[in-house]
Amino acid sequence: MRLRHIEHRDAYCFALTFDNGDRREVDLQDLIGQHVALSEVQTARIDPEWGCLEFLHGRVDIEPKTLYRYAGFVEDKQAA
């Protein structure tokens with residue numbers, strides 16, 4: 001599982017697209033709010049090697065599987 005595309009919407013809200021085509025808009029404030037200030041949200045990018053969402057030049061990152069579950073998707077255990 002990898003994150004394919006992100007689109008910052010507003011505040012901590014992002015549209016996330018995963019490599020399996022699943023897409024969902026999520027508010028990440030509860031997940032990253034203690035680690036990433038609102039003024040630092042624009043540092044979001046996808047790590048090209050791992051496919052994770054990272055902030056602050058890699059000082060904060062979120063594994064794609066964690067994002068997938070946080071977005072409300074259920075992982076296919078056989079695909080892991």
Side-chain angles (χ1 to χ4, degrees):
M1 174 71 55
R2 293 173 57 95
L3 191 58
R4 179 167 305 256
H5 182 74
I6 60 170
E7 190 175 322
H8 181 234
R9 298 293 190 174
D10 183 47
Y12 288 95
C13 293
F14 286 85
L16 306 175
T17 305
F18 295 89
D19 61 0
N20 65 357
D22 287 344
R23 179 179 165 88
R24 185 149 306 157
E25 196 166 311
V26 285
D27 184 340
L28 299 177
Q29 185 170 3
D30 290 343
L31 192 60
I32 64 169
Q34 294 182 359
H35 308 287
V36 180
L38 189 55
S39 62
E40 299 168 325
V41 170
Q42 78 280 359
T43 66
R45 75 176 200 103
I46 298 174
D47 177 275
E49 184 177 346
W50 297 101
C52 62
L53 178 59
E54 68 177 29
F55 297 87
L56 302 169
H57 308 289
R59 290 186 304 198
V60 175
D61 65 11
I62 309 166
E63 180 182 20
K65 290 180 183 180
T66 299
L67 279 172
Y68 196 76
R69 285 191 304 271
Y70 188 83
F73 293 110
V74 178
E75 256 182 287
D76 180 359
K77 298 289 185 197
Q78 293 178 338

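Just so you know, these numbers come straight off a predicted model, no measurement behind them. Note: hydrogens, waters and symmetry copies are ignored here, and every other heavy atom, side chains too, is used.
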Heavy-atom side-chain contact between [X] and [Y] under 4.5 Å:
X: Phe55; Y: Asp61; answer: no
X: Met1; Y: Arg69; answer: no
X: Leu53; Y: Leu28; answer: yes
X: Thr43; Y: Val60; answer: no
X: Asp19; Y: Arg4; answer: yes

Query - Any donor-acceptor N/O pair, Tyr12 side chain to Val36 backbone, under 3.5 Å - result: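 Judged by distance alone, yes, a pair lies under 3.5 Å.
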Requested in this report: Would you check if the side chain of Arg45 reaches a backbone N or O of Ile6 as a donor-acceptor pair within less than 3.5 Å?
Outcome: no
Hey, what do you get for [atom1] ([X]) to [atom2] ([Y]), rounding to the nearest 0.5 Å?
X: Leu16; Y: Glu25; atom1: CG; atom2: CD; value: 9.0 Å
X: Leu31; Y: Tyr70; atom1: CG; atom2: OH; value: 5.5 Å
X: Leu38; Y: Asp10; atom1: CG; atom2: CG; value: 8.5 Å
X: Ile62; Y: His35; atom1: CD1; atom2: NE2; value: 9.0 Å
X: Glu54; Y: Glu63; atom1: CD; atom2: CD; value: 14.0 Å

Query raised in the report: Crowded around Gln42 CD? As in, over 12 foreign heavy atoms under 6.0 Å?
Result: yes
Query raised in the report: Between Trp50 and Leu67, is there a shared hydrophobic cluster once you connect ILVMFWY residues whose side-chain heavy atoms come closer than 4.5 Å?
Result: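 Cluster IDs for Trp50 and Leu67 differ.
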Query raised in the report: Which heavy-atom pair separates Ala15 from Arg23 by the least distance, and what is that distance?
Result: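 What the structure gives for the nearest pair is CB-NH2, 3.6 Å.
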Report task. Assign the ring pair Phe14 / His8 to parallel, tilted or perpendicular, where the plane angle (0 to 90°) is split at 30° and 60°. Result -> tilted
